[in-house]
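Order of appearance sets the numbers: ligands from 1, and atoms from 1 within every ligand. Below, each value reflects all heavy atoms present in this structure, side chains not excepted, and no hydrogens, waters or symmetry copies.
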Amino acid sequence: MSNKYDVVVIGAGPAGYVAAIRCAQLGFKTACVEKWRDDKGNAVYGGTCLNVGCIPSKALLDSSHKYVEARKDFATHGISTGDVTIDVPAMIARKAKIVGQLTQGVKSLFSANKVEGIAGFGKLLPGKRVQVTKQDGSTEEISADNIILAAGSVPINIPPTPIDNETIVDSTGALEFSSVPKRLGVIGAGVIGLELGSVWSRLGAEVTVLEAMEAFLPAVDTQIAKEAQKILTKQGLNIKLGAKVTGSKINKGKTKSVTVSYTDANGPQEATFDKLIVAVGRRPLTENLLDPAAGVELDKRGFVIVNDSCATAVPGVYAAGDIVRGPMLAHKGMEEGVMVAERIAGKKTQVNYSLVPFVIYTHPEIAWVGKTEQQLQQEGREYNVGTFPFSINGRAMAANDTEGMVKILADAKTDRVLGCHIIGPSAADLVQQMVIAMEFSASAEDVGLTMFSHPALSEAIHEAALAANGHAVHMVNKRKR
Ligand code: FAD
Ligand code: AMP
């Protein structure tokens, strides 16, 4: 059987489902092939993000944060509670419900927009044909004028710590613990390791994070990274830097545990944990995705090679999301999905890769956009810095959530904002204000001249922008003007 479409998308994660919906909105006959199934064999849309990534991790981060607030913060507000306990299965069930609502939501959007969802494994064949392998092993062939590859990514496994999904888990397994482990090891102090480590630490686990690199969060502005390390350590995360994991041994007693070998500055070390999360990064998923004769090339790290507008070297074949270069972030993939759809429609849409916002959903959150101070120094650029701490922001004080700061970097000559770095309450939402400002090439003065509601956390942005030019009002300026 041969079915012909205008566009076929392989993968229904944020890059693929957004591309498919936008293609359909633009009037293309669109199909989206997805291999993810539920227990009943029905296709599940939403990819890593909705099923085992952004959403479930944030659901557990929010639940565990509320637990900490109830135990440690309510009394400050004069609220007394009895014994605060945690029902882990109930917390996991709440997470599953949210995931179900959102994945179902994508299904509804597909039908409302007339995207044809096809359950099966897609493989790109030459001539813009796609072979779909069904659950029962049968195959079907479809073809399209345009193909969008959006197969996403999977966790990286490392030989010293093979995943057994019982004692040693990856990020997916770490979203499903049925009880709080007493001793939890996390390999990797990246975004996922810190978020998942925080969840279980808040619920009472003794968490040790083993990180091979000497620097903590090297991609983050150093001032913010130092503040983050201080705060997370105070919260109970035992972060060991320069600790490279080299092996592991499962101990089979009444309850299983794992002894991890690692080397640090003092030589070989060992540590024993009840559970171990391996969070050492993700890799693009391209196994069996491409018939070599289809002509789509991969780079040395396995990413599909594309240009700035996500086109491969094969005319009419595009790739978007985690499967291509750039940060592995849902919103980056979604914007690429829109760009590809609109380019197929002949528009000149272009993703602005210099303004991708980054967020680490610890508490306080860490969020940034644009250049760090270290990058500007390396580039030899002259810049002004304005910072403002949440400890003197009225709204943060009212909420008893005063850790962290906003930092704004502006060009010394033109005053154009070059970067914004935040550690603090709601940093993910706050940084977005500066993403918009920077998209419109705002200067620090422009932000300073903008009226901000009072009292609001955003006022810290306002004051940091004013401080970049030496005239913050609600603190003593370091820089005089
Ligand atoms: P994916 O979401 O991986 O989707 C790809 C889809 O393609 C999958 O559904 C897969 O089943 C399907 N597929 C693959 N191969 C085939 C094939 N051959 N045929 C048919 N279907 C196929 N990002 C953020 O921006 N914010 C966050 O807070 C955040 N938190 C995260 C937390 C965790 C624990 C993890 C693991 C990730 C997190 N991410 C976060 C990253 C985010 O999930 C990814 O960047 C995003 O999902 C990538 O989208 P994608 O569409 O490229 O790929
Ligand atoms: P990210 O890529 O941001 O998810 O972070 C993954 C982290 O895991 C990186 O900071 C790596 O340095 C770290 N990492 C990778 N392999 C090991 C290892 N064998 N031992 C300890 N840390 C590791």
Side-chain angles (χ1 to χ4, degrees), residues 9-19 32-37 43-58 60-61 103 106 118-124 130-133 149-156 158-161 170-172 174-175 185-196 199 209-219 240-247 260 262-264 277-290 319-324 326-334 336-337 356-361 365 428:
V9 184
I10 301 181
Y17 83 71
V18 168
C32 186
V33 185
E34 173 55 58
K35 70 178 172 63
W36 208 303
R37 301 191 189 95
V44 176
Y45 306 115
T48 303
C49 169
L50 296 193
N51 290 289
V52 292
C54 320
I55 296 300
S57 59
K58 265 80 262 178
L60 297 188
L61 279 159
T103 53
V106 176
I118 299 178
F121 184 95
K123 178 178 189 167
L124 181 69
V130 173
Q131 181 193 61
V132 180
T133 306
L149 304 168
S153 65
V154 287
I156 292 177
I158 50 173
T161 51
D170 58 17
S171 59
T172 303
L175 297 166
V186 179
I187 309 180
V191 178
I192 293 176
L194 292 177
E195 289 186 359
L196 295 175
V199 166
V209 183
L210 301 169
E211 168 54 57
M213 284 187 296
E214 296 288 346
F216 182 65
L217 293 176
K240 290 184 186 290
L241 299 175
K244 187 170 169 46
V245 172
T246 52
V260 173
Y262 62 96
T263 45
D264 65 12
I277 304 173
V278 181
V280 296
R282 298 179 62 81
R283 63 174 177 84
L285 178 58
T286 51
E287 280 100 332
N288 298 320
L289 176 69
L290 306 166
D322 282 8
I323 204 174
V324 303
M328 287 184 165
L329 292 169
H331 44 280
K332 174 260 193 188
M334 292 193 225
E336 288 179 336
V356 178
F358 292 79
V359 183
I360 307 175
Y361 289 86
E365 292 175 353

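Between L61 and E195, the shortest heavy-atom distance links the atoms CD2-O, 3.5 Å. Residues L50 and P56 share a closest heavy-atom pair of O-CD, 3.4 Å. For the residue pair L329 and P357, the shortest heavy atom distance occurs at CD1-O, 3.7 Å. For the pair L196 and A174, the tightest heavy-atom approach, listed with the atom from each and the gap, is CD1-CB, 3.9 Å.
In terms of modelled atom types and a separation under 3.5 Å, the side chain of Q131 and the main chain of K123 share no donor-acceptor contact. Side-chain atoms of K35 never come within 3.5 Å of backbone atoms of A119 as a donor-acceptor pair (strictly under, hydrogens ignored). A donor-acceptor pair under 3.5 Å is formed between the side chain of E365 and the backbone N or O of A428. Under the 3.5 Å distance criterion, the side-chain polar atoms of E34 are left unmatched by any main-chain donor or acceptor of Y45.
Residue M328 holds its CE atom at 4.5 Å from OG of S153, rounded to the nearest 0.5 Å. Distance OH/Y262 to CD/E211: 13.5 Å, rounded to 0.5 Å. In this structure, I55 CD1 and T103 OG1 are separated by 11.0 Å, a value rounded to the nearest 0.5 Å.
Inter-residue side-chain proximity for K240 and D264 is flagged as unmet; no heavy-atom pair is nearer than 4.5 Å. Under the 4.5 Å side-chain criterion, counting only non-hydrogen atoms from C-beta, I323 is in contact with L289. Side-chain atoms of L194 and F216, non-hydrogen and from C-beta on, do get closer than 4.5 Å to each other. Inter-residue side-chain proximity for Y361 and S57 is flagged as unmet; no heavy-atom pair is nearer than 4.5 Å. Contact annotation: the side chain of V278 never approaches that of P155 to less than 4.5 Å [non-hydrogen atoms, C-beta and beyond].
Shown in contact with M213 at under 4.0 Å from a heavy atom are these atoms of ligand 2, numbered in order with element: 10 (O), 12 (O). Close contacts of ligand 1 with G321, meaning ligand atoms under 4.0 Å from a residue heavy atom, involve 52 (O). The contact set between ligand 2 and L210, taken as ligand atoms under 4.0 Å from a residue heavy atom, comprises 21 (C), 22 (N). Which parts of ligand 2 touch A243 is read off a 4.0 Å heavy-atom cut-off, strictly below it: atoms 20 (N), 21 (C). Near I187, with a cut-off below 4.0 Å to any heavy atom, the atoms of ligand 2 are 18 (C), 20 (N), 21 (C), 22 (N). Of all the atoms in ligand 1, the ones that sit under 4.0 Å from a non-hydrogen atom of C49 are 2 (O), 43 (O), 47 (O). The distance from ligand 1 to the heavy atoms of L329 drops below 4.0 Å at these ligand atoms: 23 (N), 24 (C), 25 (O), 45 (O). Using a 4.0 Å cut-off to heavy atoms of S57, the atoms of ligand 1 that qualify are 32 (C). Atoms of ligand 1 found under 4.0 Å from any heavy atom of A15, numbered from 1 in the order shown, are 51 (O), 52 (O). For ligand 1, the atoms sitting less than 4.0 Å from at least one non-hydrogen atom of F121 are 17 (C), 18 (N), 19 (N), numbered in the order shown with element in parentheses. The atoms of ligand 1 that sit less than 4.0 Å from any heavy atom of G47 are 2 (O), 4 (O), 8 (C), 9 (O). In the vicinity of Y361, heavy-atom distances shorter than 4.0 Å reach the ligand 1 atoms 28 (O). Short contacts between ligand 2 and I158, defined as distances under 4.0 Å to a heavy atom of the residue, involve ligand atoms 19 (N).
Ranking the protein heavy atoms by distance from atom 19 (N) of ligand 2 puts V245 O, 3.3 Å first. Nearest protein neighbour of atom 13 (C) of ligand 2, counting heavy atoms only, is E211 OE1, 3.4 Å. If you check which protein heavy atom lies closest to atom 8 (O) of ligand 2, you get G188 CA, 3.3 Å. Of the protein's heavy atoms, D322 OD1, 2.9 Å lies nearest to atom 45 (O) of ligand 1. When hydrogens are left out, the protein atom nearest atom 53 (O) of ligand 1 is G152 CA, 3.1 Å; that is the closest non-hydrogen contact. Closest to atom 36 (C) of ligand 1, if we only count protein heavy atoms, is R282 NH1, 3.3 Å. If you check which protein heavy atom lies closest to atom 17 (C) of ligand 2, you get V280 CG1, 3.9 Å. The single protein non-hydrogen atom nearest to atom 7 (O) of ligand 1 is G11 CA, 3.2 Å, given as residue, atom name and distance. Nearest protein heavy-atom neighbour of atom 8 (C) of ligand 1: E34 OE1, 3.5 Å. Considering only non-hydrogen protein atoms, atom 5 (O) of ligand 2 sits nearest to G190 CA, 3.5 Å. From the protein, the heavy atom lying nearest to atom 2 (O) of ligand 2 is G281 CA, 3.7 Å. When only non-hydrogen protein atoms are considered, atom 26 (N) of ligand 1 lies nearest to C54 SG, 3.7 Å. For atom 50 (P) of ligand 1, the closest non-hydrogen atom on the protein side is P14 CD, 3.9 Å. Residue, atom and distance of the protein heavy atom nearest to atom 4 (O) of ligand 1 are G13 CA, 3.4 Å.
Residue contacts with ligand 1 for Y17 are absent, since no atom lies close enough (heavy atoms, distance under 4.0 Å). Only the side chain of L289 comes within 4.0 Å of ligand 1, judged by heavy-atom distances. Both the backbone and the side chain of T48 come within 4.0 Å of ligand 1, judged by heavy-atom distances. Neither the backbone nor the side chain of P160 comes within 4.0 Å of ligand 2, counting heavy atoms alone. When non-hydrogen atoms are compared, ligand 1 lies under 4.0 Å from neither the backbone nor the side chain of K123. Proximity of S153 to ligand 1, defined as any heavy-atom pair under 4.0 Å, is confined to the backbone N, CA, C and O atoms. At a heavy-atom distance under 4.0 Å, only side-chain atoms of L285, from C-beta outward, approach ligand 1.
Of the candidates P284, A279, G53, the one placing a heavy atom closest to atom 35 (C) of ligand 1 is G53. Within the set A330, G46, A428, G122, the minimum heavy-atom distance to atom 24 (C) of ligand 1 is found for A330.
The closest approach between any non-hydrogen atom of G120 and ligand 1 is below 4.0 Å. Contact analysis puts A150 in contact with ligand 1, with a non-hydrogen atom separation below 4.0 angstrom. A heavy-atom separation below 4.0 Å is found between V33 and ligand 1. Not a single heavy atom of I192 sits closer than 4.0 Å to an atom of ligand 2.
The shortest N or O to N or O distance between K35 and ligand 1 is under 3.5 Å. Residue L196 places no N or O, backbone or side chain, under 3.5 Å from any N or O of ligand 1. For ligand 2, the polar-atom distance check against A212 finds a nitrogen or oxygen pair separated by under 3.5 Å. Among the atoms of K58, some N or O lies under 3.5 angstrom from an N or O of ligand 1. Where the criterion is an N or O separation shorter than 3.5 Å, residue side chain and backbone included, E195 fails it with respect to ligand 1.
Under the side chain to side chain contact (heavy atoms under 4.5 Å, CB included) rule, V280 has a single partner from I158, D170, V186, which is I158.
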